[in-house]
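Right, one structure below, let's go through it.
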Amino acid sequence: MSENVEAKTDVVLVGAGIMSATLGALLRQLQPEWSITAFERLDAAAAESSDPWNNAGTGHSALCELNYTPAKPDGSVDITKAINVNEQFQVSRQFWAYAIDKGILSDPKNFINPIPHVSFVHGADNVKYLRARYDALAGHPLFADMEYSESPEWFSERLPLMAEGRDFSDPVALNWTETGTDVDFGALTKQLVNNVAASGGTVFFGHEVTNLSKQSDGSWIVKVRNRRTGESRKVHAKFVFVGAGGGALHLLQKSGIAEAKGFGGFPVSGAFLRCTNPEVIARHSAKVYGKAAVGAPPMSVPHLDTRVINGEQGLLFGPYAGWSPKFLKQGGVMDLPKSVKPNNLMSMLGVGMTELGLVKYLVSELSQSPADRIVTLSEFAPEARLEDWELIVAGQRVQVIRRKGAGGVLEFGTAVVNAADGTIAGLLGASPGASTAVPAMLDVLERCFPQQWAGWQPKLKEMVPSLGIKLSENPALFEQVWNWSTKSLELDVASDPVPTAPVEAAAV
């Protein structure tokens, strides 16, 4: 071991976003005696992708996101991915409820609030698709509360902002789920990081991990630079988790682990229109998702999105895609070139040849003027005015490029990468991302700590009662954990009443 190692720790967490914060909080419950040290390159927790203005905050549960329910050639709808995503969100929800009950988290209204999740389409073919989607989901235990309507009157009552100026001769349809949520992952992350620190962990802000070197005994020397002073130090760790968002790929490459070879990253930036008119904001209270444009990637699904941040309701529309070679919003323009290595060059080139549609989409997005963006918004809010909205730049997303055959394939999801000996792991990718933080980190624990996993089961079952069980196949257990988490997270607080879907609309 290097002579100038300044500190030893059991666990190093790279980054102070939702993934590292969640893993730290889980380990605090499972192994309270382990020492945990976190390093964040910025001066605050959740300042990159976990920041509430940098992500959509849906609490991705596949209630409204149409990209999780693709149409089949025969006109039926595949709900496999929707069920899987919803199952993962239920795991996160259970841990948050446990954390509230145990005082790990405080005041759930600080980070989670009830907001209806709505799927919206117009045009006869799309209406037919949405009806098929409803028919496929409505009988399922995880989606039993979903409503369907093609009624312009019902539409106007529930979505007045979207109804103003709308020509209802163009048929519309809605899937409406009243029990959706808005999640401020920035606030949640900060509470979890504070818990890790208050329970004995150490969190360094303004400190960037610059290198990872594996030792003969399987441990790691973590090289860290103080971005304020320029000084470097080395820390000895038994386990390292790279939860650095877009910065994870570079560090996993530097670690030299075989499992990271062949992976590449394709950065996509995003922007949203944020409403600045309180009167407009007050006229919409729902997360309304539409269909992505033909040729657009799944992450580009347009949505008119009510947010609750710092106790105040806000309204976003987007995303509008952009492109930058940076892997982090506060990264560098050399991030992409530096990520190209001999072991992933063919993967990167292969994606470049097969994703020409994505390139065309990005070029069209980059050429949009402010007026063009309002035209896009007007599909949702026909009376939208440019002066009521401002453009904000959201977080960077680095989509996973995975080796496939002689080339590579672009994946719009998340991927856990870990060394075979379990001494290091990292998370690559984006959506559904934050909403699946708990199951993703449980996956890391199972992969990297197989010797402890069996002994952790009683505590894990206390934190996540449905662990290892598919709630979709156990309606009674689902009802039990749903009712418990709803109460603990204060999601049962009465909100303004909304009209019930007409029976005739739901029985087309």
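We use all heavy atoms of the structure for the numbers below, so side chains are in, but hydrogens, waters and symmetry mates are not. Predicted model, so just to flag it, every value in this text is computed and none were measured.
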Whether E178 side chain and W176 backbone form a donor-acceptor pair below 3.5 Å = no
Distance-only donor-acceptor check, side chains S339 and Q253, under 3.5 Å = no
K287 and side-chain hydrogen bond (donor to acceptor under 3.5 Å, both in side chains): which partner among T177, T306, T181, D182?
-> D182
Kindly indicate, with the supporting measurements, whether the criterion side chain to side chain donor-acceptor pair (under 3.5 Å) is fulfilled by R28 and N195.
-> CA-CA 9 Å; R28 267 283 161 262; N195 173 261; over 6 Å; no
Please output the side-chain donor-acceptor pairs of residues 10-17 that fall under 3.5 Å, not counting sequence neighbours, one pair per line with the distance.
residue: D10; atom: OD1; partner: K238; partner atom: NZ; Å: 3.2
residue: D10; atom: OD2; partner: S35; partner atom: N; Å: 2.8
residue: D10; atom: OD2; partner: S35; partner atom: OG; Å: 3.2

Residues K102 and E462 bridged, charged N to O under 4.0 Å = yes
Salt bridge present between R228 and D43 (N-O < 4.0 angstrom) | yes
E33 and Q31: side-chain donor and acceptor closer than 3.5 Å?
-> yes
Distance (rounded to the nearest 0.5 Å) between I36 CD1 and F239 CZ = 10.5 Å
Going by atom types alone, do T210 and R225 pair a side-chain donor with an acceptor below 3.5 Å?
-> no
Got a sec: does the NZ of K338 have more than 12 other heavy atoms crowding it under 6.0 Å?
-> no
Donor-acceptor pair between N86 and Q90 side chains, under 3.5 angstrom = yes
Please work out whether the ring planes of Y289 and H303 are parallel, tilted or perpendicular, with thresholds of 30° and 60°.
-> parallel
Lys/Arg N to Asp/Glu carboxylate O, D492 vs K487, below 4.0 Å = no
Take Q94 and S466 through the test side chain to side chain donor-acceptor pair (under 3.5 Å) and record every step on the way to the result.
-> CA-CA 8 Å; Q94 288 171 67; S466 73; 2.8 Å; yes
